[in-house]
Amino acid sequence: MTEKRSLIWAAGAGVVAIVVLLAIGLSIHWFPPRASTQAASIDHLYHVMLFVSVPIFVLVEGVVLYSIWRFRMRPGQEEQDGPPIHGNTTLEIVWTAIPAFLLVALALYSYVVLSHNEKKRSNEMVVDVTGQQFQWTFGYPHSSGPETKSLELYLPTNQPVVFRVTSKDVIHAFWVPAFRLQTSAVPGQTDTLRVTTNGRQGTYPVICNQLCGLGHATMRSTVHVIPPAQFQAWMTKQQGPAVPAGADPATVGKQTFTSSATGCGGCHTIADAQTTGTIGPPLDKYLHGHDAAFIRQSIVAPNAYVEKGYPVGVMPQNFGSGLQPGQIDALVAYLQKVSR
Ligand code: CUA
């Protein structure tokens with residue numbers, strides 16, 4: 001085969017490889033749903049990067065493979081040296097300038113996307129995000145009175161939000177894949193992260209994305225993106241009494257225990273609640289004979305007393321700050337009831 005023909009073949013194979021790889025890259029849904037306006041520009045950025053980098057990858061790898069095959073050593077050439085080459089200044093300038101131009105162009109584009117995504121918006125809702133081994137607490141400040149606390153994140157649709165992210169102990173990372181954004185939660189420091197929810201309702205995971213200790217993998221929560229009216233109703237309910245007038249505190253406590261927001265049942269077995277977790281002590285057995293004060297301490301300051309054979313520090317430390325006082329009272333009432 002002549003050199004020209006083999007080059008044509010190589011170029012043809014390269015084009016086929018580019019088309020096939022781009023088709024694979026574009027046909028697979030790599031990402032979770034897009035739940036923020038920022039997510040759309042991040043995904044667009046990704047696709048532009050994909051379009052630029054696949055041909056470059058194929059070109060570079062293709063030249064490497066072609067050279068290995070074309071200039072391979074043949075029998076009888078073991079003792080031969082290659083021809084003395086000084087180099088080619090023009091070629092070197094070209095193959096430095098083109099990648100440099102591409103790199104700068106992509107970096108500029110990324111910068112434009114980043115600054116657009118981080119731009120301050122009007123009517124921003126402030127949400128305080130606090131990481132603590134191994135749970136998140138979300139706080140909604142009001143113009144007066146205390147913040148409304150929650151163990152799960154609730155946001156209205158089509159709402160610009162600014163998160164003020166910090167940590168009470170070690171470095172965590174606040175990550176919502178559906179928003180395509182994350183930032184570190186650093187103790188002693190407050191970082192802002194801006195997100196604008198889009199019109200899409202749904203529940204998406206909140207994930208700690210920084211190895212932060214034994215319970216790192218369990219440091220997850222949920223974000224509920226709901227219509228504004230529903231959000232207002234949720235907020236009103238959060239600000240009202242945890243135990244509605246006339247309700248049995250133990251019944252509310254059982255609901256709190258089994259809810260996904262607290263996740264108590266994921267770690268503790270209670271026959272009455274039909275939970276089967278084994279990370280922490282089975283409570284109807286271990287709480288037997290303990291009074292309300294002990295139960296309350298075990299919820300709000302779990303490291304004050306840790307049952308033998310169970311790991312220290314795995315139980316979230318933030319129930320005291322993330323739950324309403326009435327919810328804790330209800331939990332205590334329920335746990336007292338089942339441990340009797
Ligand atoms: Cu917090 Cu990992």
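For ligands, and for the atoms within them, numbers begin at 1 and follow the listed sequence.
Residues Q132 and D169 bring no donor and acceptor atom of their side chains to less than 3.5 Å of each other. A donor atom on one side chain and an acceptor atom on the other are not found under 3.5 Å apart for H116 and Y111.
Residues Y140 and Y154 place their aromatic rings such that the two centres sit no closer than 6.0 Å.
In summary, D329 and R296 engage in a salt bridge, as defined by a charged side-chain N under 4.0 Å from a carboxylate O.
Of all protein atoms, those that are N, O or S and lie under 2.8 Å from atom 1 (Cu) of ligand 1 total 4.
For the side chain to side chain donor-acceptor pair (under 3.5 Å) with R164, the qualifying choice from D128, T192, D191 is D128, the only one to do so.
Hydrophobic clustering keeps I42 apart from F163 (ILVMFWY residues linked when any side-chain heavy atoms are closer than 4.5 Å, directly or through intermediates).
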